[in-house]
Number of protein chains: 2
Amino acid sequence: MEKIPLYEQIKEALLGRLASDHWRPGELLPSEPKLAEEFDVSQGTIRRALDDLVSQGLLVRHQGRGTAVTEHTPFGFFHLFRGDGARELPQSKTLRISSNQASRTERDSLELASGKQVIRILRVRYLNLEPKIFETISVSSDLFPGLVKMSARDLPNTVYRFYEQEFGVPIVGKRERLRAATATKSEARYLHVEVGTPLLEIECVAYSHRTQPIEWRISRCLTDEHYYCNPPESA
Amino acid sequence: MEKIPLYEQIKEALLGRLASDHWRPGELLPSEPKLAEEFDVSQGTIRRALDDLVSQGLLVRHQGRGTAVTEHTPFGFFHLFRGDGARELPQSKTLRISSNQASRTERDSLELASGKQVIRILRVRYLNLEPKIFETISVSSDLFPGLVKMSARDLPNTVYRFYEQEFGVPIVGKRERLRAATATKSEARYLHVEVGTPLLEIECVAYSHRTQPIEWRISRCLTDEHYYCNPPESA
DNA sequence: CAGTGGTCTAGACCACGGA
DNA sequence: CCGTGGTCTAGACCACTGG
């Protein structure tokens, strides 16, 4: 028999509601006394559950106002900084959106059954108006119906909010792997550098609640004027 | 007037004892009721302070045993993984230990006054017996008296434990910046690759308690068979 | 077994935000 | 002003560790 603490059960219940869009990002949750009454536990137990979700980054507390679902800023997940430490929001130009049979790597990363389809997005991202990142994104076709028929022009700059608003798929965590690489011919063309220029390769799997993988992404970045920061800069 | 919560004051007090080596790594702290009595607060307040320090990675709890000062494993801070996800401990060969006037970058990173001396350590690190990392380390001469007179042969494989045990300087946090680079002539020689081979450059400032910078390090890594992982793999 | 941390309760008072 | 979360208390019972 498993012995699961009350606050874990409550976390799980709240997680379910968050995942199913029961509350929208930015929306206030019921107050702690309300939740305590609903789950028939003490306020302290509710606090413990909420605290955990806050430290996971899913909720934000505001004294005097309430506890709200986190609104993910475009910055939240972007780890590239300018040499002087300033943050800069990338502009994106989507090159192609296509649908394909998932490759072995895509199936592994996204935990897809063999034979499943994925949607691939190819884009170039600009920092300070200069092309700095060449990026390929893969997501399951099942989770994003109709995405493949979108025009490249209509794909927004930052896709995580878009995933959430258009397809109800929230991105709340990611795991990244970094390597050094060199520019291929096509990357060199898009990034205006020579073939063989060193690039920082960031392979990223983004997760929704409960660690379900949603998106697999490879970003190949020019780091002549930027760097990847861990942990992200405070400012 | 500042209003500082009790648990923050207690954290600060405990932090002071940790920094001054009042308790050794691995050693058990007094129990929660003992600490509560000593600080004249309730056990809950002590728990809150300890919880915070645990989540900072400074303490570890063991139900039924007690709360202990974290012993930092050599793995704790090493973020390079093999392609298959396995962790591997690097072997190190120290090439040179020297003392120099701190450069501008070193002064900035280590928050040193101008004119201060630093000790520089040059080494090559091996993964699976192959040279994979070329590393330069800088620390303040003031904090590590006598280090410069050590033989390169006697410098241990992993230096953070060494800093703590020999000089009473604990490393409890770090900030890393990553870039793509290419091998210089001397790096190419030591790493057995060609000049221009892409390298992952990790610039790292390591901190002791209360965010005092202790060590500045640049690691230039071959990532043909390894990657940098964020967050670190669970296993 | 005694002592530890882990969970949970019920209450108090405070600081802040918005109406 | 009221309702929110933030801090703090005092106590209960449980689960685990060690001798």
Side-chain angles (χ1 to χ4, degrees), chain A residues 1-18 22-73, chain B residues 1-18 22-73:
Chain A
M1 281 301 288
E2 294 287 333
K3 178 69 180 80
I4 297 165
L6 281 177
Y7 69 85
E8 288 291 351
Q9 300 175 33
I10 291 167
K11 273 167 65 178
E12 196 57 28
L14 295 176
L15 224 38
R17 297 190 194 175
L18 288 169
H22 188 276
W23 298 301
R24 282 353 221 26
E27 193 176 342
L28 289 178
L29 268 61
S31 71
E32 294 177 357
K34 292 258 182 53
L35 288 171
E37 191 191 9
E38 177 190 337
F39 286 102
D40 197 28
V41 296
S42 81
Q43 185 173 348
T45 303
I46 291 291
R47 290 189 77 85
R48 172 67 195 265
L50 293 179
D51 280 342
D52 282 10
L53 297 177
V54 165
S55 71
Q56 273 183 251
L58 301 182
L59 301 177
V60 215
R61 293 174 172 292
H62 297 283
Q63 190 176 64
R65 189 136 61 91
T67 304
V69 181
T70 303
E71 300 187 81
H72 287 113
T73 78
Chain B
M1 281 298 290
E2 294 288 334
K3 178 69 181 80
I4 297 163
L6 282 178
Y7 70 84
E8 288 291 351
Q9 300 175 33
I10 291 166
K11 274 167 64 178
E12 196 55 29
L14 296 175
L15 224 39
R17 296 189 194 176
L18 289 168
H22 188 277
W23 299 301
R24 283 351 219 29
E27 194 177 340
L28 289 178
L29 269 61
S31 71
E32 293 176 358
K34 293 258 182 54
L35 288 171
E37 192 191 10
E38 179 192 334
F39 286 102
D40 197 28
V41 297
S42 81
Q43 186 173 349
T45 304
I46 292 291
R47 291 190 76 85
R48 171 67 196 265
L50 293 179
D51 280 343
D52 283 9
L53 297 176
V54 165
S55 71
Q56 273 184 249
L58 300 181
L59 301 177
V60 216
R61 293 173 173 291
H62 297 284
Q63 189 176 65
R65 192 137 60 89
T67 304
V69 181
T70 304
E71 300 188 79
H72 287 112
T73 76

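Everything quoted here is computed from the prediction, not taken from an experiment. Atoms considered below: every heavy atom in the structure, side chains included; atoms not considered: hydrogens, waters and symmetry mates. Here is how names work: the chains are called A, B, and so on, in the same order as the sequence lines, proteins then strands, and each is numbered from 1.
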Quiz item: Should B:Leu35 and B:Glu38 be marked as a side chain to side chain contact (heavy atoms under 4.5 Å, CB included) after you check the CA-CA gap, both sets of side-chain angles, and the distance that decides it?
Solution: CA-CA 5 Å; B:Leu35 288 171; B:Glu38 179 192 334; 4.0 Å; yes
Quiz item: What do the steps show when you test B:Lys34 against B:Glu37 for salt bridge (charged side-chain N to carboxylate O under 4.0 Å, His left out), and what is the final call?
Solution: CA-CA 5 Å; B:Lys34 293 258 182 54; B:Glu37 192 191 10; over 6 Å; no
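Here the closest non-hydrogen pair linking A:Gly26 and A:Ala68 is O-CB, 3.9 Å. For A:Ile10 against A:Ala49, the heavy-atom pair with the smallest separation is CG2-CB, 3.8 Å. When all heavy atoms of B:Leu28 and B:Arg65 are compared, the pair lying nearest together is CD1-O, 3.9 Å. The two residues A:Leu18 and A:Val69 come nearest to each other via the heavy atoms CD2-CG2, 3.7 Å. Minimum interatomic distance between B:Arg61 and B:Asp51 (heavy atoms only, all atoms of both residues): NH2-OD1, 3.0 Å.
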Please produce a list of atom pairs where a protein N or O lies less than 3.5 Å from an N or O of nucleotides 15-19 of chain C.
unit_1: C:dC16; atom_1: O4'; unit_2: A:Gln63; atom_2: OE1; d: 3.0

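Taking CH2 of B:Trp23 as the reference point, atom CG of B:Leu14 lies at 5.0 Å (rounded to 0.5 Å).
Residue-level contact check: A:Leu50 touches neither bases nor backbone, having no heavy atom under 4.0 Å from any strand.
Here C:dC13 presents its P atom at 16 Å from CG of B:Leu6, a figure rounded to the nearest Å. In this entry the distance linking CG of B:Leu28 with P of D:dT17 reads 14 Å, nearest Å. When the C1' atom of D:dG3 is taken as reference, atom CG of A:Leu29 falls 16 Å away, rounded to whole Å. Between the CG atom of B:Leu59 and the C1' atom of C:dG5 there is a distance of 13 Å, rounded to whole Å. The separation between A:Glu32 atom CD and C:dA12 atom P is 17 Å, rounded to whole Å. Atom pair B:Asp51:CG and C:dG6:P shows a separation of 7 Å (rounding to whole Å applied).
DNA chain D is contacted by B:Val41, B:Ser42, B:Thr45, B:Arg48 of residues 33-49 of chain B, taking any non-hydrogen atom closer than 4.0 Å.
Here the side chains of A:Glu12 and A:Glu8 are not in contact, with every heavy-atom distance at 4.5 Å or above.
Looking at the side chain of A:Arg61, the nearest of the listed nucleotides D:dG5, D:dT7, C:dC8 is D:dG5.
Residue B:Tyr7 places at least one side-chain N or O closer than 4.0 Å to OP1 or OP2 of D:dT7. Residue B:Thr67 places at least one side-chain N or O closer than 4.0 Å to OP1 or OP2 of C:dG5.
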